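Okay, structure first, notes after.
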Amino acid sequence: MNAAPADPLARERAHLTASRAALRAMREDVEALDIKDVTANWVNAEVLRGQIDERIKALADLAHTPLFFGRLDYLYAPGAEEAEGGADGETFYIGRRHVHDAAGDPMVVDWRAPVSQPFYRASKKDPMDVALRRRFGYTGGDLTAYEDEHLTDPAEAEQVSKLLQQEIERPRVGPMRDIVATIQPEQDEIVRSGLAGSVCVQGGPGTGKTAVGLHRVAYLLYAHRERLARTGTLVIGPNRSFLHYIEQVLPALGELEVKQATVDDLVAHVDVRGADDAAAAVVKGDARMAEVLRRAVRSHVTPPTEGVVVVRGSRRWRVPSYEVEEMVRELLDRNMRYGAAREALPQRIAHAVLVRMEQAGEAPDDRVQDAVARNAAVKAAVKAIWPPVDPAKLVHRLLSDAEFLAAHAAGVLTQEEQKAILWAKPPRTAKSAKWSAADAVLVDEAADLVARTHSLGHVVLDEAQDLSPMQYRAVGRRCTTGSVTVLGDLAQGTTPWATPSWAEALGHLGKADAVVEELTAGFRVPREVIAYASRLLPAIAPGLTAVESVRQSPGSLVVREVRETSEGETGGLVAAVLDACGAALGREGSVGLIAADARVAVLAAALDAAGVAYLAPGEETTPDVRLTLVPASLAKGLEYDYVVLDEPAAVVSGEPDERTGLRRLYVALTRAVSGLTVLHTAPLPEPLR
């Protein structure tokens with residue numbers, strides 16, 4: 001038997017090597033499973049094979065991802081009484097997934113397990129029965145350092161972990177990483193909150209709200225796997241670039257089944273080829289449109305004018321019009337989905353016929369009732385009274401027919417609002433219409449009025465502050481029987497319909513009882529940068545608490561006015577921007593060049609002429625290409641080690657109003673993790689001067 005190495009670092013490296021070998025053995029065991037004789041048919045075999053393949057993927061050993069990042073030495077075994085004489089308890093290595101040896105004993109414990117919780121929450125004041133917390137430092141995939149905290153030793157002062165700080169500040173190249181090694185106590189409380197309750201997280205730039213939401217999904221899948229396997233989970237982001245940026249976080253934690261989508265993906269009932277002006281989009285996104293649509297759908301119901309006569313054999317059975325009208329009124333009063341009520345009506349009529357049959361001495365059964373419900377006369381009556389409704393055709397008529405809209409918007413929308421949403425040149429058919437994104441949401445609302453939308457077990461909604469009330473309703477329909485984690489920052493709302501308060505947003509979602517948590521400690525954006533950006537808060541979000549960054553980085557903020565040259569304002573500024581990008585590329589990490597959308601083409605041409613390679617938002621950075629050219633409208637949710645911001649005044653003037661423009665600028669100013677360079681020729685907005 002080989003003796004354990006005397007050097008602590010060597011011992012930890014040996015445990016890492018053994019853990020990787022154990023993980024490899026776990027994967028090989030799954031790969032070796034023989035399912036030929038354990039399934040009843042080929043369908044079950046395919047399902048089981050798919051589950052095995054997913055398990056094999058989940059057990060992948062990522063070479064540059066540490067298998068464990070921490071260790072806990074308990075005073076005594078968790079959950080047991082303290083051992084007599086103060087005997088040492090168990091030791092657990094905390095990592096991204098569970099790893100066990102051949103005997104089934106844990107070599108690495110999943111970070112989501114209850115025994116791992118003290119790694120994130122224990123402190124000198126409350127050690128949670130932990131004697132030693134050890135953090136590990138890695139270079140690539142190699143374990144190169146460790147750092148100890150003796151939580152029960154009164155002689156050792158509490159201090160900031162250098163390894164933790166290094167991990168938080170580590171340069172970023174490529175997509176977003178998990179923060180499983182750096183989760184803070186206030187973040188951990190949100191991550192581990194229960195599945196039954198909905199949570200809304202208000203968090204300024206750099207507070208980690210997106211990471212908290214993703215890690216909450218991973219935790220819930222660990223704690224409630226069987227339930228969520230049945231009901232499903234979904235992450236909703238603002239755009240495809242953002243989803244591409246975050247898409248590797250959950251797979252790195254071993255969760256491969258979580259779907260990701262934008263709100264536009266959810267409501268893709270029609271082909272979106274058009275766009276609304278701001279006035280039309282605001283009205284179409286208003287929650288009052290739900291009532292207009294409800295009225296329009298119900299308007300298709302026509303009270304019967306005559307009874308229903310059913311012929312069976314030599315007998316004729318008549319249900320009078322007043323009785324059918326009572327059925328219709330009752331179904332309308334129950335406020336059922338239009339389609340469900342339409343399916344119930346023929347059964348109601350058939351039941352009335354069966355009552356008459358029984359009164360006449362017959363003994364009909366359920367099969368007779370079903371046959372009567374399918375009778376041609378009953379079908380014809382139902383079609384006349386309760387005709388089918390096509391959601392797209394309904395919305396097409398609302399937006400094309402002024403009289404139809406006025407009839408159902410009376411007392412809900414003003415005449416000016418009705419005029420704003422009517423198509424100037426109505427398309428002949430729903431198929432030929434150039435639908436806008438807001439129109440698609442209306443079609444989704446109408447579709448839900450006709451047939452209930454399927455509800456998921458848990459939904460994470462990120463960058464939620466930019467959604468319209470109708471978009472909130474669309475998301476809320478996807479979690480009526482489940483819960484939701486809402487993530488956002490009111491100060492970063494940059495749409496004309498951006499939500500003014502979380503209480504209002506949660507009401508539209510149907511989750512008014514959700515708990516609102518606020519993250520105010522910043523971990524990514526340097527203190528100097530966030531303090532500069534926070535000068536805008538009184539103008540864009542009065543009363544909102546400014547982020548207090550834990551990182552102080554002298555020299556991380558440079559604001560420079562560029563004087564005009566013989567080439568004119570644009571030429572001088574563009575040259576300065578290229579120089580700043582070159583200086584940033586001389587450092588380690590990713591670089592984002594953010595500019596007003598209208599100036600992106602000019603900067604792209606300058607980069608091409610200078611032979612500087614760059615990417616579009618969403619494309620993955622590599623060691624060879626680390627510069628991304630980012631239109632200000634797509635910057636939200638992204639972050640870069642170094643940011644060069646071109647002409648702040650142009651970012652502000654590119655929006656419909658000054659407040660929205662200042663919010664867009666706030667977003668752009670807070671994308672930097674290590675350094676921000678602001679270059680301008682035009683005067684800076686007043687709050688920044």
Side-chain angles (χ1 to χ4, degrees), residues 186-187 189-191 193-205 207-210 212-213 216 234-238 263 266 281-292 294 412 438 441 444-445 448 453 455-456 458-521 534 536-547 636-637 657 659-660 662-663 666-667:
E186 63 271 25
Q187 296 173 329
E189 287 184 20
I190 298 171
V191 167
S193 53
L195 176 61
S198 292
V199 179
C200 175
V201 182
Q202 159 64 41
T207 56
K209 57 185 177 297
T210 295
V212 165
R216 176 160 159 73
L234 176 67
V235 174
I236 303 173
V263 173
L266 300 183
V282 168
V283 178
K284 289 179 180 179
D286 195 293
R288 292 173 297 162
M289 287 299 300
E291 174 60 19
V292 176
R294 190 188 71 85
V412 179
V441 178
D444 188 70
E445 179 85 24
D448 185 70
T453 304
S455 175
L456 299 165
H458 191 76
V459 171
V460 172
L461 175 61
D462 205 353
E463 299 295 348
Q465 72 280 344
D466 275 333
L467 268 61
S468 70
M470 291 299 287
Q471 287 176 315
Y472 280 121
R473 289 176 60 87
V475 173
R477 285 192 284 277
R478 271 75 185 177
C479 54
T480 50
T481 59
S483 55
V484 62
T485 299
V486 180
L487 311 165
D489 180 11
L490 297 178
Q492 296 186 55
T494 51
T495 55
W497 48 82
T499 188
S501 73
W502 290 123
E504 182 176 318
L506 293 168
H508 294 312
L509 272 169
K511 304 294 181 183
D513 58 346
V515 176
V516 179
E517 303 280 0
E518 188 171 10
L519 296 176
T520 58
S534 295
L536 298 173
L537 286 179
I540 62 176
L544 200 65
T545 304
V547 172
K636 194 171 299 176
D657 58 83
R659 188 181 187 188
T660 304
L662 290 174
R663 286 184 167 187
Y666 180 75
V667 172

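Everything numeric here is computed off the predicted structure, so don't read it as measured data. No hydrogens, no waters, no symmetry mates; every other heavy atom, side chains included, goes into these values.
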So, for T495 and D466, which heavy atoms are closest and what is the spacing to 0.1 Å? OG1-O, 3.1 Å

Looking at K209 and G203, would you say the former's side chain and the latter's main chain have a donor-acceptor pair under 3.5 Å? yes

Whether R477 side chain and D448 backbone form a donor-acceptor pair below 3.5 Å: no

Please check: side-chain N/O of S198 versus main-chain N/O of V484, any donor-acceptor pairing under 3.5 Å? yes

Looking at A474 and D444, what are the two nearest heavy atoms and their distance? CB-OD2, 3.7 Å

Hydrogens and angles aside, do E463 and Q465 bring a side-chain donor and acceptor to less than 3.5 Å of each other? yes

Has S483 got a side-chain atom pairing as donor or acceptor with L195's backbone, closer than 3.5 angstrom? yes

Checking the side chain of Y472 only, and the main-chain atoms of G507 only, is there a donor and an acceptor separated by less than 3.5 Å? no

Report yes if the side chains of T207 and T520 come closer than 4.5 Å at any heavy-atom pair, otherwise no. no

Would you call S193 and R216 a side-chain contact if the rule is heavy atoms closer than 4.5 Å? yes

Side chain to side chain contact (heavy atoms under 4.5 Å, CB included) between T494 and K636, intermediate numbers included: CA-CA 10 Å; T494 51; K636 194 171 299 176; 2.7 Å; yes

I'd like to know whether D489 forms a side chain to side chain donor-acceptor pair (under 3.5 Å) with Q202, so could you lay out the CA-CA distance, the side-chain angles of the two residues, the decisive distance to 0.1 Å, and finally the verdict. CA-CA 5 Å; D489 180 11; Q202 159 64 41; 2.8 Å; yes

With side chain to side chain contact (heavy atoms under 4.5 Å, CB included) as the test, would you mind laying out the steps for V263 and V475 before giving the verdict? CA-CA 7 Å; V263 173; V475 173; 4.1 Å; yes

Taking C-beta and beyond as the side chain, do P205 and Q492 meet within less than 4.5 Å on heavy atoms? yes

Do the side chains of L234 and V460 get nearer than 4.5 Å, heavy atoms only? no

For the CD1 atom of I236 and the CG atom of L461, what is their distance to the nearest 0.5 Å? 5.5 Å

C479 backbone acceptor or donor facing K511 side chain under 3.5 Å: yes

Run through V459, D462, L509 and flag the one making a side-chain contact (heavy atoms from CB on, under 4.5 Å) with V486. L509

Heavy-atom side-chain contact between W497 and Q471 under 4.5 Å: yes

Side-chain donor/acceptor of D286 to backbone N/O of M289, under 3.5 Å: no

Main-chain N/O of P469 paired with R473 side-chain donor or acceptor, under 3.5 Å: no

